[in-house]
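In what follows, a single structure is set out as structure tokens and then discussed.
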Amino acid sequence: MSLVNYSTREITCKIVYYGPGRSGKTTNLHYIYGQVPEDRKGKMVSLATQTDRTLFFDFLPLDLGSISGFTTKFQLYTVPGQIYYQTTRKLVLQGADGVVFVADSQSRQLAENVESFQDLHENLAEQGIDARTVPLVIQYNKQDLPSELILGKQDLSDALNFRGVPEFSADALHGPGVFETLRSISELVLKRLSSGAGK
Amino acid sequence: MIIATVEGWVEAPLARYVEEARARLALLLHPSGQVVAQAGFTRSTDVMTACALAAAVHATSKELGRQVDGSGFRVLHHGGTDKQLHLAAVDLGRVAYICLTVFDEESSLGLVRMYFGDLCRELAAAAPEQPAKGPSLGLDFERELNHNLSALFGRA
């Protein structure tokens, strides 16, 4: 649920990075955090285990500046990807304005990707949200790995992108695709808000 | 006292609550973690982060309560060295919020709980029947968005 403050002309939107464990959700946020100037970002909070796996969520507030006269702020969250954190994923997903699904391009992770994508749709449905109406972007991460280890964009698209949503190849560790993914989901979320469906 | 709200009708009840309960800070937030209103002193508190964490704690308590007690816990109290937290649900029918109250030795849990009840009643009375309409973004919003994101990533 986007929050709009008419007195200060401010919009705040929540974007959740979803996907299987170790697919690179936290890495996306770390890259964004590293690239954004100090005055345009808040503290990045990570609730992680001792081995740096996300326990509850990562949180990064961003200030996008003025858009159509509204100061626009995005709050980026990740969910824990491991299967046993199902309840936590549902909690973090509450009130999301948009979702980035981060898929792991490694061939051996295909089943985990599909399972996590189904899990996303089930969790949205449980909250009474029609998954087809939620702004969604898919990122195929780790495309920098040797080609014999990964599936190409088309193969991953055939397996996951039955809705035909925007999709991007990425190497979140070094940056390619991270910015394009964020730009795409931002655009979808703001378009939906402007159309009146996102509030 | 700092007062900032997304919903104007929240401002007076929240300011009164902070004053009467002698709290340091009260944050009203949506269960998704978004700030709806703040009242009190926030110099040392990152409001957005505090709301994200408060929403997480509240959601966890609610779910934990549901699993062990059959119904979700609605109120949580934490006593720190100097400051204490009171985290509770504010159910207004059309919309549900969470209120995070920070208080110190100037107040007490009993006082906060008493005035929190008043806050809930005042908010319920002040809440509008219909939600406000969304903003209308200009035709050039995509260009502005792309420009701002490029600037954010040092590509402008």
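Chain letters run A, B, ... following the sequence lines, proteins first and then strands; every chain starts at 1.
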Side-chain donor-acceptor pair present, B:Gln84, B:His78, cut-off under 3.5 Å: no
Give the minimum heavy-atom separation between A:Pro61 and B:Met48, together with the two atoms involved. CB-SD, 3.5 Å
Tell me, side chain or backbone of A:Val36 under 4.5 Å from chain B's heavy atoms, or both, or neither? both
Just checking, any donor-acceptor pair under 3.5 angstrom between side chains of B:Glu63 and A:Thr87? no
Chain B shares the most heavy-atom pairs under 4.5 Å, among A:Lys90, A:Arg40, A:Lys73, A:Gln75, with A:Gln75
Top contributor to chain A contacts, counting heavy-atom pairs under 4.5 Å, from B:Lys62, B:Gln67, B:Glu144: B:Glu144
When the ring planes of A:Phe117 and A:Phe101 are compared, do they come out parallel, tilted or perpendicular, using 30° and 60° as the limits? perpendicular
At a heavy-atom separation under 4.5 Å, does A:Ser186 approach chain B through its side chain, its backbone, both, or neither? both
With only heavy atoms counted, which part of A:Leu60 is less than 4.5 Å from chain B, the side chain, the backbone, both or neither? neither
Using non-hydrogen atoms only, which part of A:Thr88 is less than 4.5 Å away from chain B: side chain, backbone, both, or neither? neither
Counting only non-hydrogen atoms closer than 4.5 Å, does A:Leu62 touch chain B with its backbone (N, CA, C, O), its side chain (CB onward), both, or neither? side chain
In this structure, OG of A:Ser105 is separated from CG of A:Leu156 (nearest 0.5 Å) by 5.0 Å
Between A:Phe57 and A:Tyr77, ring centroids under 6.0 Å: yes
